[in-house]
Amino acid sequence: MKKDDFILVDGFKHIRHIQESYPENEMIKRSNSYFKFMNKRRSVRHFSNKPVPKEIIENIIKSASTAPSGANKQPWTFCIVESLKIKQQIRTAAEEEERKSYNNRMSDEWLDDLKHLGTDADKPFLEIAPYLIIVFKRPYEINSDGTKHQNYYVNESVGLACGFLISAIHNAGLVTLTHTPSPMRFLEKILDRPTNERAFLLLPVGYEAEKAYVPDIQRKSIDKIMNIY
Ligand code: IYR
C-alpha cells in the first residue's frame with residue numbers, strides 16, 4: 001500500500017476510497033437506464049419449478065450483504081431452503097397463519113385494499129419456487145460468555161439488505177415476492193434458528209412461470225413522491 005492510501009482515525013485505519021464517476025451526460029443516461037431497468041421489476045406470484053444454479057443465489061446474497069448497517073454490525077442471516085420437505089413444512093405453517101389472517105385478523109379495510117392484488121391464503125409458490133430465502137434479523141449477538149451485545153437500527157439495516165436482495169434477484173433475471181406470513185415465528189422453529197434471530201421476510205426465488213400475470217397497477221408519479229425545498 002502506498003503512503004497516502006490510508007490514514008489513522010483514533011488509531012483506526014481508514015483506507016482511501018475513490019468513487020467511480022462519469023461525465024454528467026453519462027450520469028444522466030446511467031441514472032435513467034437504471035430507473036427503466038428497476039421499473040420493470042414486479043412482485044410475481046407465479047413461479048416455474050425450473051432449477052436455478054446455486055451460484056446465482058450465492059451472488060444474490062453477497063449483493064444483499066453489501067447493504068449499509070448500523071455500526072456495520074450486518075445484523076442479518078439469509079437461510080436458503082431448497083429441500084422440498086422443508087418447503088412443504090413452511091407452506092403448511094404459512095398457510096395456516098394466512099388463513100387465520102385472511103379470516104379473522106385482517107380488518108375489512110385491509111382486505112378491501114388487497115382485493116385488486118388477487119392475494120389469498122393459498123401459497124403454492126412456497127413449494128414450486130426452487131428456493132425460499134428466509135431473511136432473519138439479529139437484534140443482538142451472543143458473546144462467548146453468554147452475554148448479549150446489542151445491534152443498532154436493525155429493522156432499517158435488514159430492510160435495506162432486503163432491498164438490495166430484491167434488486168439483485170431482478171438483475172439476475174429471476175423473480176421474487178416479499179411474502180409476510182405474519183406472525184413468522186414458525187420459521188425460527190422449522191429452521192431451528194438461534195435465540196437471537198427473528199424471521200424478517202420470506203422471499204421465494206426462481207424463474208417466473210411460462211404464463212405469469214401481475215396486477216395492472218401504477219407507481220406514484222414523481223410529483224406525488226418528491227418534494228423539493
Ligand atoms: N401476508 C399476506 C397478506 C398480504 C398483506 C399485504 I400489506 C400485501 O401487500 C399482500 C398480502 C399474504 O402474503 O398474502
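Throughout, residue positions are numbered sequentially from 1 according to the sequence presented. First listed ligand is number 1; within each ligand, the first listed atom is number 1.
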Heavy atom of the protein closest to atom 3 (C) of ligand 1 (residue, atom name, distance): Y102 OH, 3.4 Å

Side chain, backbone, both or neither: the part of D113 lying under 4.0 Å from ligand 1 by heavy atom: neither

Identified side chain to side chain contact (heavy atoms under 4.5 Å, CB included) partner of T178 from the options L203, L202, L165: L203

salt_bridge(E97, R105) N-O dist < 4.0 Å: yes

E188/F136 under side chain to side chain contact (heavy atoms under 4.5 Å, CB included): CA gap, chis, key distance, verdict: CA-CA 9 Å; E188 294 148 33; F136 289 90; 3.7 Å; yes

Residue among K73, Q74, K137, E141 satisfying side-chain hydrogen bond (donor to acceptor under 3.5 Å, both in side chains) with N151: E141

Numbered atoms of ligand 1 (with element) below 4.0 Å of T180, judged on heavy atoms: 1 (N)

Heavy atoms of other groups near D10 CG, more than 12 under 6.0 Å: no

CZ (F12) with more than 12 external heavy atoms under 6.0 Å: no

Within-cut-off N or O pair, K123 and ligand 1, under 3.5 Å: yes

Closest approach of any protein heavy atom to atom 7 (I) of ligand 1, naming residue and atom: W110 NE1, 3.6 Å

Numbered atoms and elements of ligand 1 in range of E98, under 4.0 angstrom, heavy atoms: 1 (N), 2 (C), 12 (C), 13 (O), 14 (O)

Nearest-neighbour protein heavy atom for atom 4 (C) of ligand 1, which is reported as residue plus atom name and distance: L114 CD1, 3.6 Å

